Peer 1: 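I'd like to ask you about the structure that follows.
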Amino acid sequence: MSIEKAPNFLEDIIAEDVRLGKNDGRVLTRFPPEPNGYLHLGHATSICLNFGLGQKFNGQTNLRFDDTNPVTEDTEYVESIQRDIQWLGFQWGNLFYASDYFEQMYAFAVTLIKKGLAYVEDCSAEEIAAMKGTPTEPGKASPSRNRSVEENLELFEAMRAGKFKEGEKTLRAKIDLASPNMHLRDPLMYRIKFAHHHRTGDKWCIYPMYDFAHGQSDSIEQITHSICTLEFEVHKPLYNWFIEQLGIFPSQQYEFARRNINYTVMSKRKLMQLVNEGHVNGWDDPRMPTISGIRRRGYTAASIRHFCELTGISRRENVIDVSLLEYCIREELNKTATRRMAVINPVKLIIDNYEEGKVEMLTGENNPEVEGGGGTREIPFSRELWIEREDFMEEPPKKFFRLGPGLTVRLKHAYIIKCESFVKNEAGEVSEIHCTYFPESRSGQDTSGIQVKGTMHFVSALHALPVQVNLYDRLFKVENPSAEEGDFKSYINEQSLTVVQNAYVEPALRDADPEEKFQFIRLGYFCFDQDSKRDQMIFNRTVTLKDTWAKEAGK
RNA sequence: UGCCCGAUAGUAUAAUGGCAGUACAACUGAUUUUGGUUCAGUUUGUCUAGGUUCGAAUCCUGGUCGGGCAACCA
């Protein structure tokens, strides 16, 4: 088990509340996504936080869809969000929608009108903005501000009844037009939208704004700790104002800093652009930082939870190094992934002194990290093999422990071979490598006494299965695309996906479990793509192995 | 130049007035039939100037730097 996780400041706050007997020691959190896009790693942090706190304090976490803007929302997103949360390994207490509370919210609004704390506004969006002032200048009152309670009630009812066009009227809270907090300068509570809502259909033509929906929803559900990201901090006085004026259950809002990861973007708006403009192949493209994307990439739920645990929670701006994410999946897959051999960039190797037509079956352990090797599989060996083109050099440098004229290496699970010669084609590239093998050096029964520095993987040419392999790299060329000059999309890494059509894998993969994760020895971790078929296998590379030779060679 | 928030190694995160610690990253070396893994080790830090205190990353004051706030988005 991992070491005890350090408590974050929210845990401290909740622990203190429980100790003081606040809400009778009850803890109820909520995860409140708007169903207008797919969940990403930033949401994963929030999910682990909210559900984690619920569990830790013997409480629960509600899933609530914040569906107050019918224009952007859709059931496709509602479904993907539920799937992603469950995949991450969490189960919500209750499933609610803000739209469940539309009738109640309307009644709340009427209450505020009756108390003289809300009024129907005639001005347009532009006029309201113009009268709002600036952070350094107070706002001015609109003529609508002095309407009578009776008139406001009448007009608000007419708004609901569809008597006005979009933009013609709004409902505003009457607070303080001179407040240094812009959100308190008579914020909008309701706007008119003749839009079809994914759940309420055409029942409503007025919809509550975030500020008038979120706190009230929390309160209705008796959420004790409402946790959101830092940009909502300036909304908190308003959140509290509505609750106080309505005299309803006092949920409390707390904020933490949103998660960022380098070499990617993490906002639904930007991810939506990448999808809509075809820069990626959908929300679940393995290059996307969405939950569905990293799942398809081969990341496990446990590795994501571990990542969230390691990154922690704070109120400070941050950009997490993507290498931490990669560490989390490597660490898990090293212990669990089935070892197989695959050749991604093949070149033919011929063992001149190996009998033509002969086939030996070698035995290879499935996972050396598991006690007993995790079982074994048979690996065919024959005269002609595929090896990695990068494993041969015509003029190898000093510390190159692979193949080159006169060099010896071991073929994994097989024999030690010596490179005797090579053949080039018209294009000048190496087309055949000729070797001899040492019959007494067979793996496990080596009596040759020959010492070699390197071990290489291979696939028997006669038995190789041709497959497609998708090699993924970071989606952006720069660490923080959002912080760069100009359009973030101009920093997309054009080499983020390399499709290899003619890779070869060993035959044991033919009967593999579609959910299984693999380590292709010396290459990295791979999983089946969801579009994979038995006779047309497609593998996605989750992450490479650490490669200290690449560093050495790059020097 | 209004209001709010933040600042601890390259990156994150702990230390809640009492030894600045952990992880990732980087670098050495050992082991290794994966240049993987594992093991041992190294490097690197409290934004700044004052103040309070026996003692300050922590409390106070000023400054600097970064972020948020003026959507009929959430």
Side-chain angles (χ1 to χ4, degrees), chain A residues 2-3 5-9 12 32-34 36 66-69 71-73 121 124-125 128-129 132-139 166-172 179-185 188-193 206-207 209-211 213-214 228-237 255 257 259 262 268-269 309-328 330-331 334-335 339 341 368-369 399-402 409-414 416 443-444 446 452-457 479 519-524 544-553:
Chain A
S2 58
I3 50 169
K5 190 180 67 165
N8 59 57
F9 72 99
D12 293 342
E34 184 189 11
N36 66 346
D66 220 345
D67 56 350
T68 57
N69 185 1
V71 177
T72 57
E73 296 153 7
E121 174 64 81
S124 67
I128 291 173
K132 206 151 206 174
T134 68
T136 54
E137 298 164 55
E166 282 190 18
E168 202 176 334
K169 304 278 184 213
T170 54
L171 184 72
R172 296 178 75 177
S179 172
N181 183 338
M182 299 298 287
H183 295 277
L184 259 20
R185 317 244 273 223
L188 259 54
M189 293 165 58
Y190 270 91
R191 76 291 213 192
I192 299 170
K193 273 181 196 285
I206 57 171
Y207 292 93
M209 299 289 290
Y210 166 84
D211 284 310
H214 203 94
C228 60
T229 46
L230 235 27
E231 69 268 24
F232 291 101
E233 188 170 33
V234 284
H235 294 246
K236 184 151 65 180
E255 312 85 21
R259 265 300 151 249
N262 59 11
K268 269 195 253 183
R269 191 179 59 82
E309 198 174 291
L310 289 179
T311 50
I313 296 294
S314 74
R315 288 171 64 86
R316 171 185 161 191
E317 286 144 43
N318 59 79
V319 184
I320 312 275
D321 202 318
V322 69
S323 66
L324 184 64
L325 222 206
E326 295 176 342
Y327 158 79
C328 289
R330 282 196 188 106
E331 185 201 43
N334 174 52
K335 294 185 203 126
R339 269 57 169 180
M341 292 201 283
E369 299 299 315
K399 284 192 265 180
F400 188 76
F401 306 139
R402 307 179 188 183
V409 297
R410 172 171 293 283
L411 292 172
K412 181 80 176 169
H413 304 305
I416 291 174
S443 195
D446 185 352
V452 292
K453 283 280 214 172
T455 301
M456 290 173 19
H457 62 278
E479 284 207 34
Q519 184 197 99
F520 289 172
I521 290 175
R522 299 211 302 141
L523 295 177
T544 61
L545 257 29
K546 278 215 262 180
D547 189 354
T548 52
W549 166 248
K551 266 179 217 157
E552 179 69 27

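Given the structure is predicted, the values throughout are model-derived calculations rather than measurements. To find a chain, count down the sequence lines: A is the first, B the second, and so on, and within it residues start at 1.
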Peer 1: When you measure only distances, ignoring hydrogens and angles, does the side chain of A:Q519 come within 3.5 Å of the base of B:U34 through a donor and an acceptor?
Peer 2: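 Donor-acceptor pair under 3.5 Å: yes.
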Peer 1: What's the gap between B:A20 and B:A56 when it is taken at their P atoms, as a whole Å value?
Peer 2: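 Approximately 11 Å lies between the P atom of B:A20 and that of B:A56.
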Peer 1: Rounded to whole angstrom units, what separation is found between the CD atom of A:E137 and the P atom of B:U1?
Peer 2: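 The distance from CD of A:E137 to P of B:U1 comes to 14 Å, rounded to the nearest Å.
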Peer 1: Starting the side chain at C-beta, find the nucleotide from B:G2, B:C72, B:C27 nearest to A:P135.
Peer 2: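 Among the listed nucleotides, the one closest to the side chain of A:P135 is B:G2.
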Peer 1: Checking contacts here: which listed nucleotide (B:C73, B:U16, B:G2) is nearest the side-chain heavy atoms of A:R191?
Peer 2: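 Of B:C73, B:U16, B:G2, B:C73 is nearest to the side chain of A:R191.
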Peer 1: Looking only at atom C1', what distance separates B:U13 and B:A25, rounded to whole Å?
Peer 2: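 One C1' to the other, the span is 15 Å.
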Peer 1: Distance between the C1' atoms of B:U53 and B:G41, in whole angstroms?
Peer 2: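 It comes out at 39 Å once rounded to the nearest Å.
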Peer 1: In terms of the angle between their ring planes, are A:H183 and A:H235 parallel, tilted or perpendicular, with boundaries placed at 30° and 60°?
Peer 2: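 If you compare the ring of A:H183 with that of A:H235, the planes turn out tilted.
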Peer 1: Check the side chains of A:E34 and A:T72 for a donor-acceptor pair under 3.5 angstrom, ignoring hydrogens and angles.
Peer 2: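 Note: A:T72 and A:E34 side chains meet the donor-acceptor criterion.
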Peer 1: Going by atom types alone, do A:D321 and A:S323 pair a side-chain donor with an acceptor below 3.5 Å?
Peer 2: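 A pair is found: one side chain offers a donor N or O, the other an acceptor, under 3.5 Å apart.
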Peer 1: If I pick the C1' atom on B:C59 and the same atom on B:U1, what distance separates them, to the nearest angstrom?
Peer 2: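 29 Å, rounded to whole Å.
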Peer 1: B:G10 base to A:E479 side chain: any donor-acceptor pair below 3.5 Å?
Peer 2: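 No.
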Peer 1: Please pick, from B:C72, B:A74, B:U34, the nucleotide with the shortest atom-to-atom distance to any side-chain atom of A:A125.
Peer 2: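 Nearest to the side chain of A:A125 among the choices is B:C72.
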Peer 1: Send over the distance from A:N334 CG to B:G36 P, rounded to a whole Å.
Peer 2: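 After rounding, the reported distance stands at 11 Å.
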Peer 1: Distance criterion of 3.5 Å, no angle test: do you see the side chain of A:S443 paired donor-to-acceptor with the base of B:U33?
Peer 2: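 Such a pair is found, so the answer is yes.
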Peer 1: Closer than 4.0 angstrom, basic N to acidic O: yes or no for A:K399 and A:E552?
Peer 2: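 Salt bridge flag = yes for A:E552 with A:K399.
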Peer 1: Could you tell me whether A:G444 contacts a base, only the sugar-phosphate backbone, or nothing, with contacts defined as non-hydrogen atoms closer than 4.0 Å?
Peer 2: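 Contact class for A:G444: base.
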Peer 1: Between A:K412 and A:I521, is any pair of side-chain heavy atoms under 4.5 Å apart?
Peer 2: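 They are in side-chain contact.
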Peer 1: Please determine, for the side chain of A:K132, which listed nucleotide (B:A70, B:A71, B:U33) has the closest atom?
Peer 2: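 Comparing B:A70, B:A71, B:U33 against the side chain of A:K132, the answer is B:A70.
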Peer 1: What interatomic distance, in whole Å, is found between C1' of B:G63 and the corresponding atom of B:A71?
Peer 2: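 Going atom to atom, C1' in each nucleotide, I get 35 Å.
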Peer 1: Which nucleotide, B:C3, B:G36, B:U11, lies nearest any side-chain atom of A:D321?
Peer 2: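 Between B:C3, B:G36, B:U11, the one nearest the side chain of A:D321 would be B:U11.
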Peer 1: Taking atom types as they are modelled, would you say the side chain of A:R522 forms a donor-acceptor pair with the base of B:U34 within the 3.5 Å cutoff?
Peer 2: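 Side chain to base: no pair below 3.5 Å.
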Peer 1: What does B:G45 pair with, Watson-Crick or G-U, if both distances are under 3.5 Å?
Peer 2: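 Result: none.
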Peer 1: Roughly how far apart, to the nearest Å, are B:C54 and B:G17 at atom C1'?
Peer 2: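 Pairwise C1' distance, B:C54 against B:G17, rounds to 12 Å.
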Peer 1: Quick one: look up who B:U52 pairs with, Watson-Crick or G-U, both distances under 3.5 Å, and put none if it's unpaired.
Peer 2: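 Paired with B:U52, as far as the under-3.5 Å criterion goes, is no nucleotide at all.
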Peer 1: Between B:C72, B:G68, B:C3, spot the one nearest the side chain of A:L188, thanks.
Peer 2: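 For the A:L188 side chain, the nearest candidate turns out to be B:C72.
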Peer 1: Below 3.5 Å, does any donor atom in the side chain of A:R402 face an acceptor in the base of B:G35, or the other way round?
Peer 2: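 Indeed there is one.
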Peer 1: Could you please name the option among B:U13, B:C73, B:A14 that lies closest to any side-chain atom of A:R316?
Peer 2: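 Comparing B:U13, B:C73, B:A14 against the side chain of A:R316, the answer is B:U13.
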Peer 1: For A:E231 and B:G68, give me the distance from atom CD to atom P, rounded to whole Å.
Peer 2: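 Taking CD of A:E231 and P of B:G68, I get 10 Å after rounding.
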Peer 1: Less than 5.5 Å between centroids and less than 30° between ring planes, does A:W549 satisfy that with B:G35?
Peer 2: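 The ring of A:W549 is stacked on B:G35.
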Peer 1: So do the side chains of A:Q519 and A:L545 get within less than 4.5 Å of each other, counting heavy atoms only?
Peer 2: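 In contact.
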Peer 1: Go ahead and name the base partner of B:U34; Watson-Crick or wobble counts if both distances stay under 3.5 Å, otherwise write none.
Peer 2: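 The base-pairing partner of B:U34, which may sit in any strand shown, does not exist here.
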Peer 1: Only pairs with both distances under 3.5 Å count, Watson-Crick or wobble alike; so what is the partner of B:C69 in this structure?
Peer 2: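 With both distances under 3.5 Å, B:C69 matches B:G2.
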Peer 1: Using Watson-Crick or G-U wobble geometry with both distances under 3.5 Å, which nucleotide pairs with B:U64?
Peer 2: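 Paired with B:U64, as far as the under-3.5 Å criterion goes, is B:A7.
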Peer 1: Answer yes when A:K193 and A:E166 have at least one side-chain N-carboxylate O distance shorter than 4.0 Å, and no when they do not.
Peer 2: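 Judged by the 4.0 Å cut-off on N to carboxylate O distance, A:K193 and A:E166 do not form a salt bridge.
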Peer 1: Would you find a donor on one side and an acceptor on the other, under 3.5 Å apart, between the side chain of A:N181 and the backbone of A:S179?
Peer 2: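 Absent.
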Peer 1: Could you tell me the separation between the CE atom of A:M182 and the P atom of B:C3, rounded to a whole number of Å?
Peer 2: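 After rounding, the gap between these two atoms is 14 Å.
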Peer 1: A:I128 side chain: which of B:U13, B:C72, B:A23 is closest?
Peer 2: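 Shortest atom-to-atom distance from the side chain points to B:C72.
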Peer 1: Starting from P on B:C4, measure out to CZ on A:R315 and report it in whole angstrom.
Peer 2: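 After rounding, the gap between these two atoms is 13 Å.
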Peer 1: Say you pick atom P in B:A15 and the same atom in B:G6; how far apart are they, in whole Å?
Peer 2: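 15 Å, rounded to whole Å.
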Peer 1: Can you measure A:N318 atom CG to B:G67 atom P for me and round it to whole angstrom units?
Peer 2: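 Interatomic distance, CG of A:N318 to P of B:G67: 14 Å.
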Peer 1: Measure from the side-chain heavy atoms of A:T134 and tell me the nearest of B:A70, B:G35, B:G36.
Peer 2: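 Closest of the options to the side chain of A:T134: B:A70.
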Peer 1: For A:R259 and B:U11, give me the distance from atom CZ to atom C1', rounded to whole Å.
Peer 2: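 To the nearest whole Å, that distance equals 11 Å.
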Peer 1: Across all strands shown, which nucleotide pairs with B:A40 by Watson-Crick or G-U wobble geometry, both distances under 3.5 Å?
Peer 2: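 B:U28 - that is the nucleotide pairing with B:A40, both distances being under 3.5 Å.
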Peer 1: Quiz question: going by heavy-atom distance under 3.5 Å, is there a donor-acceptor pair between the base of B:A74 and the side chain of A:H235?
Peer 2: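 Checked by distance alone, the answer is yes.
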Peer 1: Could you tell me how far B:U8 sits from B:U44 if I compare only their C1' atoms? Round to whole Å.
Peer 2: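 It works out to 13 Å between them.
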Peer 1: For a quick check, tell me whether the side chain of A:R339 and the base of B:U34 share a donor-acceptor pair closer than 3.5 Å.
Peer 2: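 A donor-acceptor contact between them is present.
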Peer 1: By nearest atom, which of the nucleotides B:G35, B:U16, B:G2 is closest to the A:D12 side chain?
Peer 2: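 That would be B:U16.
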